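Bear in mind the structure is a predicted one, so any value in this text is a computation, not a measurement. One-based numbering, in listed order, for ligands and for the atoms of each.
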Amino acid sequence: MKSLIIYSPAKINLDLRVTGKYKNGYHKLLTVFHRISLRDKIKLTKTSAGIALSCDHSKVPCDERNLIVKAYRMLHKRYPNLGGVRVRLTKNIPVQGGLGGGSSNAAFFLLAMKKLYRLKISHKELLSMGRRLGADVPFFLWDVNQGIGTGRGDRICPMIAKDKKWFVLIVFDKGLSTKNVFESLPKTLQPLFLTNIRRIVRIACSLMDQKDLLDARKSFVNDLAKPAFKFFPSIRRVIAKAERAGASFVQMSGSGPTVFAVFNYSKEARVFIRKLKGMRVARHRLILCHSI
Ligand code: C5P
């Protein structure tokens, strides 16, 4: 095999709670990751040595700052005789949108390199590399459509979603820095009891499986929404508009700014898009996608 094409999906966070803070500055989280059909394309071609990355999106750095390049360096350290690779990244996932695009790219690149070079690397070792690359990377290394993330969001407990959902993503033309949003959280956090939250979140996910979006929504929160509103006050307005347009479950994903509305059927999602367009949210890009 000389080359390989893979598709790297986005995620949304159905729920995200900040449960504390580590001494190194990272926050302790409990979050529900849900994989969606919006995806980037990555083409890998074997070369003799090193990595050459190119991307069709002007805002994606193709140098050492890119997680794909960092992932290659990590693999190369582990396998000093590793061959080279040319990577062509075609972006569909909004950059800095709270949809985990960069993390997914790094995770799928690692999986593709394992296949391309037949590397004998265990799931456990890949997870450890993923964790070092970024908090959202491990979720994408699990072959599951949904999971609960604890620790920094990097310890995954799979929790398969049984019902396919439809999502309308409301995409802003500018991104948000995850770091800035986390840094804007209040300095003192209310202590939360992990066992209780875990139970609440599990019940809410099973309500989702039963198509009860209204009740599920009552239990889900995103603690990063308020700090993100400070940077982008329009996120709050967009959420309110989406609710007025008839969506029963609207939330910001991750550290934002992307907002998503959840539906049980594609027809409902399409009606919602028409209504939203009539309400002049047109300057935001709307993307229809579904659970995978
Ligand atoms: O892990 P990742 O590099 O994606 O995180 C980006 C930034 O978000 C970190 O540098 C940190 O400031 C913040 N973060 C955090 N707690 C987490 C995850 C991310 O404070 N659990």
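Under the 3.5 Å distance criterion, the side-chain polar atoms of Asp56 are matched with a main-chain donor or acceptor of Lys91. For Arg86 (side chain) and Lys46 (main-chain N/O), no donor-acceptor pair under 3.5 Å exists by modelled atom type.
Taking every heavy atom of Arg152 and a limit of under 4.0 angstrom, the matching atoms of ligand 1 come to 17 (C), 21 (N). For ligand 1, the atoms closer than 4.0 angstrom to any heavy atom of His27 are 15 (C), 16 (N), 17 (C), 20 (O), 21 (N). For ligand 1, the atoms closer than 4.0 angstrom to any heavy atom of Gly134 are 1 (O). Ligand 1 places these atoms under 4.0 Å from at least one heavy atom of Gly25: 20 (O). Near Leu29, the atoms of ligand 1 lying under 4.0 angstrom from a non-hydrogen atom of the residue are 21 (N).
For the pair Arg35 and Phe139, the cation-pi test (distance below 6.0 Å, angle within 45°) is passed. A cation-pi arrangement is found for Lys211 relative to Tyr265, the charged atom lying closer than 6.0 Å to the ring centre and inside a 45° cone about the ring normal. Taking the ring axis of Tyr22 as reference, the NZ or CZ atom of Lys28 stays within 45° of it and closer than 6.0 Å to the ring centre.
At a 4.0 Å cut-off, at least one heavy atom of Thr178 sits close enough to ligand 1 to count as contact.
Counting only heavy atoms of the protein, atom 4 (O) of ligand 1 lies nearest to Ala135 N, 4.0 Å. For atom 12 (O) of ligand 1, the nearest protein heavy atom (residue, atom name, distance) is Lys179 CG, 3.4 Å. Of the protein's heavy atoms, Tyr26 OH, 3.7 Å lies nearest to atom 2 (P) of ligand 1.
If you look at Phe182 next to ligand 1, the close heavy atoms, those under 4.0 Å, all belong to the side chain.
Distance CG/Leu111 to NE2/His123: 9.0 Å, rounded to 0.5 Å.
In Lys41, the NZ atom is not crowded: 12 or fewer heavy atoms of neighbouring residues, nucleotides or ligands sit closer than 6.0 Å.
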